[in-house]
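The next block holds one structure in the form of structure tokens; read it before the comments.
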Amino acid sequence: MESIIKERLLSNAEAIFGSQIEANLVQFQMTRKDVAGDLTLVLFPFVKILRTSPQEVGEKIGAFLKQEFAFIESVEVVNGFLNIIYNETFWIDRLTKIASDENFGASEPNSKPLKMVEYSSPNTNKPLHLGHLRNIFLGASVAEILKTNGHKVIKTQIINDRGIHICKSMLAWEKFSPVNEKGERETPANTGVKGDKLVGKYYVEFDKHFNTEANQIIQQWEAGEVSGYPSAILEEFRKFAAAREGKDEKAVKGLNDKIKDLAKNQTTLLREAKDMLVKWEARDPQVYLLWSTMNSWVYEGFDATYKSMGVDFDTLYYESDTFLLGKDIVIEGLQKGVFYRKDDGSVWIDLTEDGLDEKLVLRSDGTAVYMTQDIGTAVDRYKDFPDLDGIIYTVGNEQDYHFKVLFLILQKMGYAWAENCMHLSYGMVDLPSGKMKSREGTVVDADDLMAEVVAAATEMTKERGHLDGMTDQEKENLYRQIGMGGLKYYLLKVDPKKRMMYNPEESIELNGNTGPFIQYAYARIQSLLAKSDGEELNFDASKITLNPEEKEIIKQLDLLPSIIDEAAKELSPALIANYTFELVKTYNSFYQSVYILNEPAVDAKRMRLTLSKNVAKVVKLTMRLLGVEVPSRM
RNA sequence: GGCUCCGUAGCUCAGCUGUAUAGAGCACUGGAUUUCGGCUCCAGCGGUCGGGGGUUAGAAUCCCUCCGGGGUCACCA
């Protein structure tokens, strides 16, 4: 509508203003809620150019528009703004159009280019936690939004199944796992422990012994027992140790941390883990078997978690498959002169001219680092999907720098598609007690958390729900829908870019800006429609006068397509959540203020039912975009 | 220290491609049902938009600076 009005204003500028005007002078905005109007034109830009008063130019434009467009009921100039009011017919037409379009809000499927959305991408050495939950819900939601917006979408993840971290778990399991009477070490099968949890346990185990060994080394050094250690390391130790003299607590701690790093590098455990990684890259059969066994445990565990979350993937990438390609590309880049080799054999890229640092892309022992495999993976994906028009990486903002470098490297390697790669960077999830720290045991486990929210939903729904006649299975499903719906909505309603606070009590709330609040509105409409007993929904528009709440609902429904466009462009499910919350609030207010089934005037009754049905339709669609299910009873 | 992100009501967050008295939820206070699901609705309380300066007819929004906080600068991922 805006563009039509703008067009007409520009083409008639000569008549209205006495001269042509710049297109960017015509600025529309939504009319403030507390002011009458459906669209507002800002008058200040004209005032500046034409040197008249806002009142004068506003009235001129207003009179022109009113005579030009039949759907404009009236216009009003207030404080430098021209508020335009559409007539009832306009809004009723909008409602009829929305009602007749089953796919209202969605764009033609596959009408836009293919996007790949990557999310989750866990390490295989420990279970998923609260941070992954935000990541996964975000990525899955963005994929749905893009799909509904007309894109072809491939959902994927890169599984970090190789690297020093998994070697640590493997080593610890080999060294420290108890052996049972049958001579077996611990497995998911013989302990009943979920696979990812079991492997995670040994990662922690490694860290424990690792620290102990490092501390012993430090004690030796402090006591002057230094035989067998490289003199260069000892020299550094003495430097840090001496520097502690007379420093404050914080500085001493920093120095001690540096000493600890030195000591860690001298531990047998770390050396063994590193040896294991080298062996793994050389495909040592024994190491490879252990690796694939432990990884399979983890995958089983992850699959169960993904199932609880209600998310899936179209295709998977494993670093163990892509890192070699990454190494090849690094060699290729070395020949091209994009990278250079240092004396110790390590390979680097110099990004100082781009305002960044030098970055390692291959270790001196020839093994791959994180960056190496990310290069390989990206190239691999474009080989697999030649019509790919961009990869969206859902990864926390602590890796902003990494992706800046990755995209830059890909560009320098000459891949034109690099400019379509995007980092969907999201903020950390904090707890009321502060940051999650694995060392302090404050990490919130994903499985535990989901079980908790469903349990809380169960308790509250038993108390307040309308469950008569539901089977136990239906009830269980409902509890799950409410608990998971609440959790997903809670994590998605905040702007992804921002750091957010996870408050366990708030996340299971049912009132206010929550998933269950929206689900309740949906269920109530379903109940209403069921009781309407097949009432026809067509009505005689001429017999209808819209009250303010009704008009407001139509206006909000009408916004849906632009909201989805915006959410797709910004990769922000939060925009969808906020939109739906506003819509539901307006609907609830309407519900409270009028009769629907009990409305005696048949046309008004049908119109209100139509309105209700379409609010439910939009709620269902938008909640689907967030991965939130809507129950018809609760 | 370099780079980077953030600072809006007691708390959690919208608004930030500039524009009319800065919004919502929670909490708190007070109301609403002989009505279709009260997990509802209505109202009140509450803010020098971190401080200062600048650009502009107009700044929470753009620029500079200071203060406070996070992230990152690994041959970890």
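The figures here come from the full heavy-atom set of this structure, side chains too, leaving out hydrogens, waters and symmetry mates. Chain A is the first sequence line, chain B the second, and so forth, proteins listed ahead of strands; every chain is numbered from 1.
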**Proximal nucleotide (of B:G7, B:C41, B:A20) relative to the A:Asn588 side chain** = B:C41
**Asked** What pairs with A:Phe581 under ring-ring contact (aromatic ring centres under 6.0 Å, His included), at least two apart in sequence or on another chain?
**Response** A:Phe517
**Asked** To the side chain of A:Lys498, which of B:A77, B:A14, B:C39 is closest?
**Response** B:A14
**Request:** Check every strand shown and say whether A:His466 touches a base, only sugar-phosphate, or nothing at a heavy-atom separation below 4.0 Å.
**Result:** base
**Request:** Map A:Asn123 and A:Ala523 onto RNA chain B by nearest heavy atom, then report which one ends up closer to the 5' terminus.
**Result:** A:Ala523
**Item:** Closest nucleotide among B:A77, B:G38, B:U19 to the A:Val42 side chain
**Value:** B:U19
**Prompt:** NA contact type, A:Asp468, heavy-atom cut-off 4.0 Å: base, sugar-phosphate, or nothing?
**Reply:** nothing
**Request:** Take atom CG of A:Leu43 and atom C1' of B:A20, then tell me their distance rounded to the nearest Å.
**Result:** 11 Å
**Request:** Considering just the side-chain nitrogens and oxygens of A:Lys585, establish if one lies under 4.0 Å of OP1 or OP2 belonging to B:C41.
**Result:** no
**Request:** Return each pair, listed once, that meets salt bridge (Lys or Arg N to Asp or Glu O under 4.0 Å) where at least one residue sits in residues 486-501 of chain A; pairs must be two or more places apart or across chains.
**Result:** A:Asp430-A:Arg499, A:Asp495-A:Lys497
Taking only nitrogen or oxygen atoms into account, show me every contact under 3.5 Å that the protein makes with nucleotides 60-62 of chain B, one pair per line with its distance.
none

**Asked** What's the closest nucleotide to the A:Gln373 side chain, out of B:U40, B:A77, B:C36?
**Response** B:A77
**Gap between atoms CZ and C1', on A:Phe403 and B:U4 respectively (whole Å)** = 16 Å
**Prompt:** Is the phosphate of B:C5, meaning OP1 or OP2, less than 4.0 Å from a side-chain N or O of A:Ser425?
**Reply:** no
**Message:** Using a 4.0 Å heavy-atom cut-off, does A:Ser589 contact any base of the nucleic acid, only the sugar-phosphate backbone, or nothing at all?
**Reply:** sugar-phosphate
**Asked** What integer distance in Å separates A:Leu356:CG from B:A74:P?
**Response** 12 Å
**Complete:** The side-chain hydrogen bond (donor to acceptor under 3.5 Å, both in side chains) partners of A:Thr461 (sequence neighbours excluded) come to none
**Duplex segments of RNA chain B, taken as runs of at least three Watson-Crick or G-U pairs that stay under 3.5 Å** = B:1-7 with B:67-73, B:10-13 with B:23-26, B:28-32 with B:40-44, B:50-54 with B:62-66
**Message:** Heavy atoms from C-beta onward define the side chain here; which of B:A20, B:A14, B:G37 lies closest to that of A:Gln29?
**Reply:** B:A20
**Item:** Distance, rounded to the nearest Å, where A:Ile553 contributes CD1 and B:C41 contributes P
**Value:** 12 Å
**Asked** Rounded to the nearest 0.5 Å, how far does CD of A:Glu506 lie from OG1 of A:Thr514?
**Response** 10.5 Å
**Side-chain N or O of A:Arg32 closer than 4.0 Å to phosphate OP1/OP2 of B:G23** = yes
**Asked** For atom C1', what is the distance between B:C62 and B:G18, given to the nearest Å?
**Response** 8 Å
**Asked** Across the strands shown, which category fits A:Phe581 at heavy-atom distances under 4.0 angstrom: base, sugar-phosphate, nothing?
**Response** sugar-phosphate
**Asked** Does the side chain of A:Asn513 get closer than 4.0 angstrom to OP1 or OP2 of B:C13 through an N or O atom?
**Response** no
**Prompt:** Rounded to the Å, how far apart are A:Glu358 CD and B:A74 P?
**Reply:** 11 Å
**Asked** When the P atoms of B:U19 and B:A27 are considered, how many whole Å apart are they?
**Response** 32 Å
Produce the list of close N/O pairs, under 3.5 Å, pairing protein atoms with atoms of nucleotides 67-73 of chain B; give distances to one decimal.
unit_1, atom_1, unit_2, atom_2, d
B:G70, O2', A:Arg499, NH1, 2.3
B:G71, OP1, A:Lys435, NZ, 2.6
B:C73, O2', A:Asp357, OD2, 2.9

**Request:** Please list, chain by chain and in numerical order, all residues satisfying side-chain hydrogen bond (donor to acceptor under 3.5 Å, both in side chains) with A:Glu629, sequence neighbours excluded.
**Result:** A:Arg480, A:Gln481
**Request:** Would you indicate which nucleotide in B:G37, B:U19, B:C41 comes nearest to any side-chain atom of A:Gln27?
**Result:** B:U19
**SB check A:Arg363 A:Asp365 (cutoff 4.0 Å)** = no
**Complete:** Across all chains, not counting sequence neighbours, the side-chain hydrogen bond (donor to acceptor under 3.5 Å, both in side chains) partners of A:His132 are none
**Request:** Compare the aromatic ring of A:Phe81 with the six-membered base ring of B:A20 and state whether they stack according to the 5.5 Å and 30° rule.
**Result:** yes
**side-chain contact (heavy atoms from CB on, under 4.5 Å) assessment of A:Ile518 paired with A:Val628** = CA-CA 10 Å; A:Ile518 290 167; A:Val628 173; over 6 Å; no
**Message:** Applying a 4.0 Å non-hydrogen cut-off, can you work out what A:Gly465 is touching in the nucleic acid: base, sugar-phosphate, or nothing?
**Reply:** base
**Which residues share a ring-ring contact (aromatic ring centres under 6.0 Å, His included) with A:His466, sequence neighbours left out** = none
**Request:** Let me know, please, whether A:Asp400 or A:Asp365 comes out on the 5' side of the other along RNA chain B by nearest nucleotide.
**Result:** A:Asp400
**Message:** Need one value for A:Ser632: base, sugar-phosphate or nothing, where a base atom within 4.0 Å counts as base even if backbone is also close, heavy atoms only.
**Reply:** base
**Asked** Between the main-chain N or O of A:Ala577 and the side-chain N or O of A:Tyr489, is there a donor-acceptor pair closer than 3.5 Å?
**Response** yes
**Request:** Hey, could you give me each pair passing ring-ring contact (aromatic ring centres under 6.0 Å, His included) that has a residue in residues 582-603 of chain A? Not counting sequence neighbours.
**Result:** A:Tyr587-A:Phe590
**Request:** Provide the distance between the two C1' atoms, one in B:U65 and one in B:C28, to the nearest whole Å.
**Result:** 40 Å
**Prompt:** With respect to the phosphate group of B:A77, does any side-chain polar atom (N or O) of A:Arg363 fall under 4.0 Å of OP1 or OP2?
**Reply:** yes
**Request:** Looking only at side-chain atoms of A:Ile596, point me to the closest of B:A77, B:G38, B:C36.
**Result:** B:C36
**Asked** With respect to the side chain of A:Arg633, which nucleotide from B:G37, B:C13, B:C39 is positioned closest?
**Response** B:G37
**Prompt:** Centroid-to-centroid, A:Tyr426 to A:Tyr119, below 6.0 Å?
**Reply:** no
**Request:** For the side chain of A:Thr31, starting at C-beta, report the closest nucleotide among B:A20, B:A77, B:C39.
**Result:** B:A20
**Complete:** When rounded to whole Å, the CG to P distance for the pair A:Asp257 and B:A74 reads 16 Å
**Message:** Using ring centroids (six-membered ring only for Trp), state whether A:Trp280 and A:Phe323 fall under 6.0 Å.
**Reply:** yes
**Request:** Could you check whether A:Val395 gets within reach of a base, just the sugar-phosphate, or nothing at all, counting any heavy atom under 4.0 Å?
**Result:** nothing
**Separation of B:U8 P from A:Met500 CE (nearest whole Å)** = 16 Å
Got a list of side-chain donor-acceptor pairs under 3.5 Å for residues 271-279 of chain A, not counting sequence neighbours?
unit_1, atom_1, unit_2, atom_2, d
A:Glu272, OE1, A:Lys175, NZ, 2.8
A:Glu272, OE2, A:Lys175, NZ, 3.2

**Request:** Please list, chain by chain and in numerical order, all residues satisfying side-chain hydrogen bond (donor to acceptor under 3.5 Å, both in side chains) with A:Gln27, sequence neighbours excluded.
**Result:** none
**Message:** Nearest to the A:Glu506 side chain among B:C39, B:C36, B:U12, which nucleotide is it?
**Reply:** B:U12
